[in-house]
There are 2 protein chains.
Amino acid sequence: MTKPVVKVKQNLAQFKVGVDNVIFSVDTINNQLLILLVKREEEPFKEYWSLPGTLVKYQESLESAAYRILSEKITVNNLYLEQLYTFDHSSNPQFDRYLSVSYFALMRYEDATITKNIKSVAWINLDAIPTLAFDHNSILEYGYQRLRNKLEYSPIAFDVLPELFTLYDLYQLYTTVLGENFTDYSNFRSRLLKLGFLIDTGEKAHKGAGRPATLYRFDTKAFAPLKDKPLLFISHCSLI
Amino acid sequence: MTKPVVKVKQNLAQFKVGVDNVIFSVDTINNQLLILLVKREEEPFKEYWSLPGTLVKYQESLESAAYRILSEKITVNNLYLEQLYTFDHSSNPQFDRYLSVSYFALMRYEDATITKNIKSVAWINLDAIPTLAFDHNSILEYGYQRLRNKLEYSPIAFDVLPELFTLYDLYQLYTTVLGENFTDYSNFRSRLLKLGFLIDTGEKAHKGAGRPATLYRFDTKAFAPLKDKPLLFISHCSLI
DNA sequence: ACAAAAGTGTTGACCATACACCCATGC
DNA sequence: GCATGGGTGTATGGTCAACACTTTTGT
């Protein structure tokens, strides 16, 4: 960043800055991808659903604001959050200019609970998103694209899963976001294990009937050398 | 974006917004990747090199500001530009808060000329970047990562190349950015042609001795169905 | 004729896919 | 015993990297 220079102050725009979050949760049980939306109570776009957002306060960083939005609506243990894009809105020049910095977040549905006593906040299925306030539909679309890319190329799944998880948990996370037909479980399994950053803890998870599943742990150190390599989690060799 | 709501004005931060550009140019003749830097003439960081930046004026969008920086320093025909990241700087609370929105740009070195009469602006080899002002070294690093990713996964090369180009032009662009050993020319060639979005114009480029090269054109329509497919331009199937 | 630049072809090793099959547990 | 969920194995076709080879031009 270039710090403001004193002598050129006259033309400079003053900005208000808002943060809007695209918050995804993965419901692996019902195989749903959900978005957290809030119903607006004021004009403009009164009664429309919108992405949860806020204006940035003094003494609060952008990222803090993003986390504040989250914590005002839900409580969650494991999540992934990153900045998405900054949208510029050349609004009426008689008002302050307005910038919207969007963030996207991912978590498991089972792991997130909407704070009590908050009405007009809901998890809505990605396939059933209505027309949202402002340009939030396109922000959401942009966030969904980023989510898919991140899941394919980065180990964000392990920020979202608990410390110990089964390979089936992982697989379900992937299929819910990317669709059922990106690869079958058997190949997914051998691919991930071959990469060598999943540690067999020896512990087993018992889920009712059936053979108990091995619990794995993500090994950050073993993953480090692969950090800059592309295309780790899914295979996309076929060009068509 | 959520529009400012009137009743909660007291706590809100006011921002100045700056734009900083990471401007890459590819010198395919000398196989160099260059960055446009400017030498600061004021404190802080006087005499340090820095990324070209500016504060955003009234009536000017973020992207306009990014283009303004460019056009004040260089003239260029074909370029690719996109937003990179928004950096937050919780500076002294008695001053306005400051946000830096960074952009990255790519062009060919042959195609870009530094505007006359501008001193202390230079193309500097990526391998010889000094310590820059502020946190510009990390912004640059972030931009370089994005550049490599974009080149691998998106057709940005065709925004940078002229309308008609040879496959060797394209290959040199890739090797200069990604390094010599990502694939050899023969394989690069057959891969790209198999994808079917490069049109043989029939025209030939004569560069002194040697067989004349076929000039190709990028076919946007033929590319469209591949837009959302990952991993088009380089192969990364091998996991190690 | 020869060098230089462009373009083609071939091969072995490896990987992805699809699918069939085996294992461990609760009831 | 058997349904249920977890895990293993294998054959086939495709892809890629490496490298040798051919074609077309200028001098």
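The chains referred to below are lettered A, B, ... by the order of the sequence lines, with proteins before strands, and numbering in each begins at 1.
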What side-chain donor-acceptor pairs closer than 3.5 Å can you find for residues 217-225 of chain A, not counting sequence neighbours?
{"residue": "A:Arg217", "atom": "NE", "partner": "A:Glu163", "partner atom": "OE2", "Å": "3.1"}
{"residue": "A:Asp219", "atom": "OD1", "partner": "A:Lys221", "partner atom": "N", "Å": "3.0"}
{"residue": "A:Asp219", "atom": "OD1", "partner": "A:Ala222", "partner atom": "N", "Å": "3.2"}

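Taking atom CZ on A:Phe188 and atom P on C:dA18, their separation rounds to 15 Å, with Å as the unit. Atom CG of A:Leu193 and atom P of D:dG6 are 14 Å apart (whole Å). As a whole-Å value, the separation of A:Lys207 NZ from D:dG7 C1' is 14 Å. Here the P atom of nucleotide D:dG14 and the NZ atom of B:Lys194 are 11 Å apart, to the nearest Å. The interatomic distance linking B:Tyr185 (OH) with D:dA17 (P) rounds to 17 Å, in whole Å. Atom pair B:Arg189:CZ and D:dT23:C1' shows a separation of 12 Å (rounding to whole Å applied). Rounded to whole Å, the distance from CG on A:Asp200 to P on D:dG6 is 15 Å.
Of the side-chain N and O atoms in A:Ser190, none sit less than 4.0 angstrom from OP1 or OP2 of D:dT8. Within the 4.0 Å cut-off from OP1 or OP2 of C:dA16, at least one side-chain nitrogen or oxygen of A:Arg191 is found.
Under the salt bridge (charged side-chain N to carboxylate O under 4.0 Å, His left out) criterion, A:Lys73 pairs with no residue at all, not counting sequence neighbours. A:Ala157 is linked by a side-chain contact (heavy atoms from CB on, under 4.5 Å) to A:Leu151, A:Leu170, A:Leu173, A:Tyr174, counting only residues two or more places apart in sequence or in another chain. Taking A:Thr113 as the reference, A:Thr75 meet the side-chain hydrogen bond (donor to acceptor under 3.5 Å, both in side chains) condition, with sequence neighbours excluded. Here A:Tyr185 pairs with A:Tyr168, A:Tyr171 under the ring-ring contact (aromatic ring centres under 6.0 Å, His included) rule; sequence neighbours left out. Qualifying side-chain contact (heavy atoms from CB on, under 4.5 Å) partners for B:Gln145, counting only residues two or more places apart in sequence or in other chains: B:Arg148.
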Its contact letters, B for base, S for sugar-phosphate only and - for none at protein heavy atoms under 4.0 Å, make nucleotides 19-27 of chain C read B---BBBS-
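Relative orientation of the A:Phe197 and A:Phe158 rings is perpendicular, given thresholds of 30° and 60° on the angle between their planes.
Scanning residues 165-177 of chain A for heavy-atom distances under 4.0 Å to DNA chain C yields an empty list.
Among the nucleotides D:dG7, C:dA6, C:dT17, the one closest to any side-chain atom of A:Thr183 is C:dT17.
Note on residues 122-134 of chain A: no pairs pass side chain to side chain donor-acceptor pair (under 3.5 Å), not counting sequence neighbours.
A:Lys150 and A:Asp159 are not joined by a salt bridge, as no carboxylate oxygen comes within less than 4.0 angstrom of a charged side-chain nitrogen.
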